[in-house]
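Note sheet for the following structure.
Heavy atoms only: backbone and side chains are in, while hydrogens, waters and symmetry mates are out. So you know, we letter chains A, B, ... as the sequences are listed, proteins then strands, and number each from 1.
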Amino acid sequence: MQPERTAPTLELPGQRNRSYWVISLRRLLRKKIGVGCLTIILIMYGSGILAPLVTPYGFNDQDLSITKQGPSLAHPFGTDRLGRDELTRIIYGLRTTVIITIVTLVTGSLALGITLGLVAGYFGRSIDTLIMRVGEVTSAFPEIFLVLIIVSTLKAPITDWVRGVEDVVGFDIVSLGVVDYLVLSLALAIFSWFGMARLVRGQVLQARENQYVEAARAIGATTPRILARHVLPNVMGPVIVMVSAGLAGVAGSEIFLSFLGIGIQPPTPSLGLMIFENGSISVLRSNPHLLLFPVLTLSLLLFTFNLLGDAVNDAFNPRAR
Amino acid sequence: MGTYIARRLLWLPIILLIVSFITFALGRFGPGDPVEVLMGQYADKEVVERIREQRGFNDNIFVQYGRYLKNVTRGDFGESFKYRGRTVSELLKKKMWVSAQLNIAALFLSVSIGIPLGLFAAFKQGTFWDTGTVAMTLLGQSIPVFLTAPMLLLIFALKLDILPTHGWGGLFDTRTILPAIAMGVPGIAIITRLTRASTMEVISQDYVRTARAKGLSESMVQRRHVLRNSMIPVITTLGFSLAGLAFTSFIVERFFGIPGIGNLFIESIFARDFPVINAVIIIGTTLFVAANLIVDLIYPWLDPRIRLGGAYAT
């Protein structure tokens, strides 16, 4: 990651041939904090995604002869009460975080939020009022309570339904833990779209008045084309900022719900679940590493997310330049 | 202004109705039939059916919900499934008081440390003290309760052995100290940063310079002209941090074994104790919405420049 090695180009005033994205990305990569955060997150996400390849053990490989060992060369983070390798479980726990954050952000903020924001802002009138009112009401709900209830009650019926699908398709889906991921992500997505929709709507209201939109309409461009080609690119900057600022919140919610025993179910590893299992005073007294390693990983992740959010804001926010 | 308040107040019952209906309906249609939960797995089929009829579980869901709502308005949340023979109200009353005390302690810590610290940093702007405070708050805000709680336990309860590990003995008990600190740390950090930022903005205003120029004493300037204006954003955040505190309350209660509402709620979800779940959600939602409303109403009172009613401007 050394962006500065590219050949220096002469920047003449008035000659703006580099796009907004290239400039913003450069601004981000020029900052040590930005690069540091990106590296840490890439490592965490990469190891999470490639978990089966980078871990020497399986997340559920038990070895009762080496339970509750401290850190050693064979097991850098020690082993848990069933002799499972702690580092392996943390990496698989990261995979859970990766999946939940990506699915939630893509479905909630990006798909739902941007679409509804575009629609509300561009068409205005009653459709705008409807979307914004629904959004206001959802954001007035105490999110965490409803997510709790939705996840804890809807999971069983959905699992049954997936089992039905399994019989038809012929291979195992439930044991992959997909249902947990799905239900949790969707429940979180329901409550996470409004902030994005409101932002995009505000941006669209501004962009809509521009002459290039009028020009596009004058030459007969269709509405979807105007939205996708002329309006959307101009609202993407703040969207990126908001997504990066929201990462920590989504990751935190998943970990919180799993900690309460409602999100991800064992044996699928999740950082929240590991903290819950080892979050008692007796574990802390006898084997503090079982609690501290997951907690430290989680803290590092949330901390980098927060720092990255600030760095991205500095780089991508048009007002900051 | 009047119509705005009226409209906001109208939203309160509507939101409550929607939320309570959703939880009520999910409780009925979700897994774990209420009567089977109540009677246990091996209950006689006939008895189950009789109880179902007796308690009205065979009625239309809206009829059931209406009946439930009527009881709730009289303060009757029904009887707990798990703790036989105890009404939800008496169960909640005790637990809520515990959680409320814990929250009050944490809020008190956040305000009593955060505001002076923020003012201090703002008035020492640019010095070592300022930088140090900012660094500390950045750290405090980024550390999740998941880390503070076990760390506090490890250091003060296990290694130094000066404070008890868990349990509950009221607001003025040594056992309250650690959980309150664990809950208070993010609040302290947020309030410090906010106080600092808004105070620094106010200090640079012309009217502060005018106040100094006309010969007011420094303490007078700070109290009358700076503090009053710089507290506006801080008070708004207090409302939000109340909601955030409820969030961390779950974690802290679990780590420190405090018999509060958070622990009860989790227990109830595992036991499918629907009367308790519904009651906690209705009360929680009321508090949440009311806190937001109060903050919104205090805001223009503090700062006449803010006019209400401009729904969602941008």
Side-chain (B:Asn103) to main-chain (B:Ser99) donor-acceptor, under 3.5 angstrom: yes
A:Thr304 side chain vs A:Ile40 backbone, donor-acceptor pair below 3.5 Å: no
Among B:Val145, B:Ile281, B:Leu287, which residue has the highest count of heavy-atom pairs closer than 4.5 Å to chain A? B:Ile281
Contact origin within [X] toward chain A - heavy atom pairs under 4.5 Å:
X	answer
B:Phe256	neither
B:Ile277	side chain
B:Ile143	neither

For the rings on B:Phe62 and B:Phe21, is their centre-to-centre separation under 6.0 Å? yes
What residues, two or more places apart in sequence or in another chain, satisfy side chain to side chain donor-acceptor pair (under 3.5 Å) together with A:Thr104? none
Structural part of A:Phe305 lying under 4.5 Å from a heavy atom of chain B: neither
Which atoms of A:Leu199 approach chain B - backbone, side chain, both or neither, heavy atom under 4.5 Å: neither
Stepwise side chain to side chain donor-acceptor pair (under 3.5 Å) test for A:Glu254 and A:Thr101: CA-CA 8 Å; A:Glu254 181 267 312; A:Thr101 47; over 6 Å; no
